[in-house]
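I have placed the structure first, in the form of structure tokens, so that the comments after it can refer back to it.
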Protein chains: 2
Amino acid sequence: MNIADQTFPAIDGANEDRAQAIRDQLRDAIVDRRLAPGTKLSEGEVGTLFDVSRTVARAALQMLSFEGLVRTERNRGAFVANPSPEEARQVFASRRLIEPGIAIAAAGRMTPADVAAFKTQLEEEGRFIAERGPTARRSEIKASGDFHLLLAAVAGNVILQRFMEELVARSSLVIALYGRSGISSCGHNEHMQILEALEAGNAERASALMLHHIDHIEADLDLRVRSGPALRQALEF
Amino acid sequence: MNIADQTFPAIDGANEDRAQAIRDQLRDAIVDRRLAPGTKLSEGEVGTLFDVSRTVARAALQMLSFEGLVRTERNRGAFVANPSPEEARQVFASRRLIEPGIAIAAAGRMTPADVAAFKTQLEEEGRFIAERGPTARRSEIKASGDFHLLLAAVAGNVILQRFMEELVARSSLVIALYGRSGISSCGHNEHMQILEALEAGNAERASALMLHHIDHIEADLDLRVRSGPALRQALEF
DNA sequence: TCGGCAGAAATCGTATGCAATCTTTTCCAA
DNA sequence: TTGGAAAAGATTGCATACGATTTCTGCCGA
């Protein structure tokens with residue numbers, strides 16, 4: 001999987017920050033697994049693809065590097081991150097710490113509009129599960145992450161929201177690398193249960209369900225080190 | 001307070017990343033309050049001060065902007081962040097969520113070397129409290145933050161560690177803006193109590209103490225909006 | 001055939017130039 | 001004096017150029 005094989009919508013050269021737009025495109029591609037972990041993202045290529053100079057492409061890659069989605073090596077370039085099992089565990093440890101609290105905060109702030117937004121989101125999620133094929137699978141992983149992001153938005157703390165954006169994006173990478181099965185339908189059920197608790201204003205229950213939900217996601221991963229770490233490093237694409 | 005009044009150690013033009021070195025210098029200056037909130041950080045000036053091109057200075061400022069220490073406005077430039085009371089509350093809400101968990105994780109991983117490091121840190125903290133003068137006050141705030149950063153390092157989760165680095169840095173800004181008194185000596189006592197609990201392996205107690213500690217720090221702030229938000233915005237340096 | 005070395009090609013790090021945008025100053029009329 | 005418009009100045013956004021570093025390639029000797 002090479003970045004040159006991807007097609008990206010043109011960046012509207014309007015007043016918006018173009019580097020940010022490119023970052024968003026690339027992030028989507030990484031989270032959707034259209035760009036595999038380890039793929040090289042050279043400044044020149046990214047620039048050509050989006051029709052901007054290396055300066056702008058570089059800025060976009062720097063942003064992704066801050067988010068942990070891209071790893072940059074001096075004088076070598078940027079690569080889609082290839083999280084280690086240990087990193088994967090830390091991602092989920094972080095989520096276990098943060099998301100139950102976010103659920104509690106969100107429970108106290110849910111508006112009818114929020115409930116409606118969640119229902120729309122969950123419907124879409126359900127549709128992707130029903131469909132078959134790799135495209136649907138990708139959309140499904142994305143939608144599953146969107147549930148958590150929506151929750152973070154409702155919680156109303158922009159700092160935590162940004163942390164969650166990073167954690168959800170990194171989780172997608174981790175699931176891509178270490179995911180075992182299609183536990184997703186189970187996750188969908190759990191999302192619905194969490195929404196019920198939120199709608200009922202039952203913060204405690206929402207929080208507990210969230211904790212279990214994260215445990216379930218992580219339990220579906222196979223985080224055993226497959227071979228000696230030296231070999232793994234050497235093979236790192 | 002203008003950035004041009006500051007003196008910075010020269011960046012060693014060696015193999016290290018120069019933008020990163022500049023970011024660290026600027027972050028220290030912001031956290032130490034040598035650069036006041038609202039101070040303009042123009043690319044050209046930063047570049048001249050550190051003897052690098054605007055390209056490198058720009059990269060450093062972009063990093064600080066990601067950390068929330070610097071706010072950038074398109075076509076206008078970068079300014080030391082000026083967090084609103086609401087933002088301040090969110091910083092502390094985030095810390096209340098994360099730090100008790102970090103304390104628990106750290107309690108299970110403390111080595112004798114860690115304990116020694118904490119003791120050294122707390123001694124230094126104590127020294128700054130004893131001293132008088134604005135310089136000592138700055139060092140004291142910095143040292144107080146270092147306690148929390150050390151704890152995050154011991155906890156062993158690099159993701160959470162990075163989150164904490166951001167939160168501690170932003171807290172320094174918030175304290176600079178909204179801090180009322182020298183509650184710091186009280187904070188120092190609390191740090192010592194937390195260390196005792198950690199040393200005893202009492203994770204629950206360490207966690208509870210941490211939560212109270214954060215509450216105390218926030219309680220020392222005066223987060224009332226001083227004037228109409230419109231006026232405040234207008235006066236924003 | 002294989003390892004390794006030299007040159008070529010690719011890629012990155014950084015400085016600099018130019019256009020676009022914003023800010024400040026100047027100046028004139030009310 | 002005050003308001004406002006226009007010019008001058010400063011600063012950013014972006015592209016491009018060039019040296020430095022790394023990677024690739026082809027060739028040679030063992």
Side-chain angles (χ1 to χ4, degrees), chain A residues 2-5 8 10-26 35 38-66 70-81 233-237, chain B residues 2-6 8 10-26 35 38-66 69-81 233-237:
Chain A
N2 191 298
I3 186 174
D5 304 334
F8 295 100
I11 301 300
D12 84 348
N15 44 6
E16 274 295 312
D17 194 344
R18 293 193 283 171
Q20 214 156 309
I22 292 173
R23 176 202 59 181
D24 293 343
Q25 297 278 342
L26 286 177
L35 288 171
T39 306
K40 165 136 208 209
L41 305 171
S42 90
E43 298 175 356
E45 222 164 347
V46 172
T48 308
L49 274 170
F50 288 99
D51 200 40
V52 295
S53 76
R54 276 207 306 128
T55 309
V56 177
R58 188 185 179 79
L61 291 172
Q62 194 190 352
M63 294 192 230
L64 289 170
S65 152
F66 281 124
V70 152
R71 164 179 48 91
T72 62
E73 293 175 28
R74 186 180 174 86
N75 279 320
R76 294 220 33 232
F79 305 83
V80 177
Q233 196 123 15
L235 289 175
E236 203 170 315
F237 296 62
Chain B
N2 191 299
I3 186 175
D5 305 332
Q6 300 289 321
F8 295 100
I11 301 300
D12 84 348
N15 43 7
E16 275 293 313
D17 195 343
R18 295 194 281 171
Q20 212 156 307
I22 293 172
R23 175 202 61 182
D24 292 342
Q25 297 278 341
L26 286 177
L35 288 172
T39 304
K40 164 136 207 207
L41 304 171
S42 90
E43 298 176 356
E45 224 165 346
V46 172
T48 306
L49 274 171
F50 289 98
D51 200 39
V52 295
S53 75
R54 280 207 302 126
T55 308
V56 178
R58 189 185 178 81
L61 291 172
Q62 195 191 351
M63 295 192 230
L64 289 169
S65 152
F66 281 124
L69 287 184
V70 152
R71 165 178 47 90
T72 61
E73 292 175 29
R74 188 180 172 84
N75 280 321
R76 293 221 32 234
F79 306 82
V80 177
Q233 196 123 14
L235 291 175
E236 202 171 317
F237 295 58

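Note on naming: letters A, B, ... go to the chains in the order of the sequence lines (proteins, then strands), and numbering restarts at 1 for each one.
Every side chain to side chain contact (heavy atoms under 4.5 Å, CB included) that T72(A) has, sequence neighbours left out, goes to S65(A), V70(A), A78(A). By the salt bridge (Lys or Arg N to Asp or Glu O under 4.0 Å) test, D24(A) is found to be paired with R27(A), residues two or more places apart in sequence or in another chain being considered. With sequence neighbours left out, the side-chain hydrogen bond (donor to acceptor under 3.5 Å, both in side chains) criterion links R54(A) to E43(A). Scored by the side chain to side chain contact (heavy atoms under 4.5 Å, CB included) test, A59(B) finds Q62(A), A19(B) as partners (sequence neighbours excluded). Here S53(A) pairs with T55(A), V56(A) under the side chain to side chain contact (heavy atoms under 4.5 Å, CB included) rule; sequence neighbours left out.
Distance check, rounded to the nearest 0.5 Å: CZ of F50(A) to CZ of R18(A) gives 12.5 Å.
In this structure, E45(A) places its CD atom 12 Å from P of dA10(C), rounding to the nearest Å. Going from atom CZ of R58(A) over to atom C1' of dT16(D) covers 14 Å, rounded to whole Å. Going from atom CG of L61(A) over to atom P of dG13(C) covers 10 Å, rounded to whole Å. Rounded to whole Å, the distance from CD on Q62(B) to P on dG13(C) is 14 Å. The separation between E73(A) atom CD and dC12(C) atom P is 12 Å, rounded to whole Å. What separates CZ of R54(B) from P of dA10(D) is a distance of 14 Å, to the nearest Å. As a whole-Å value, the separation of F50(A) CZ from dA15(D) C1' is 18 Å.
When the nucleotides dA15(D), dT12(D), dC12(C) are ranked by their closest atom to the side chain of E43(B), dT12(D) comes out on top. Which of dT16(D), dT16(C), dT11(C) sits closest to the side chain of T55(B) comes down to dT16(C).
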Just the atom pairs and distances: protein N or O near nucleotides 21-25 of chain C's N or O, under 3.5 Å.
residue, atom, partner, partner atom, Å
dT21(C), O3', N75(B), ND2, 3.3
dT23(C), OP1, R76(B), NE, 2.7

Please walk me through it: do L49(B) and I22(B) pass side-chain contact (heavy atoms from CB on, under 4.5 Å)?
CA-CA 10 Å; L49(B) 274 171; I22(B) 293 172; over 6 Å; no

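Using a 4.0 Å heavy-atom distance criterion, S42(B) is classed as a sugar-phosphate-only contact.
Taking only side-chain nitrogens and oxygens, R18(A) comes nearer than 4.0 Å to OP1 or OP2 of dA15(D).
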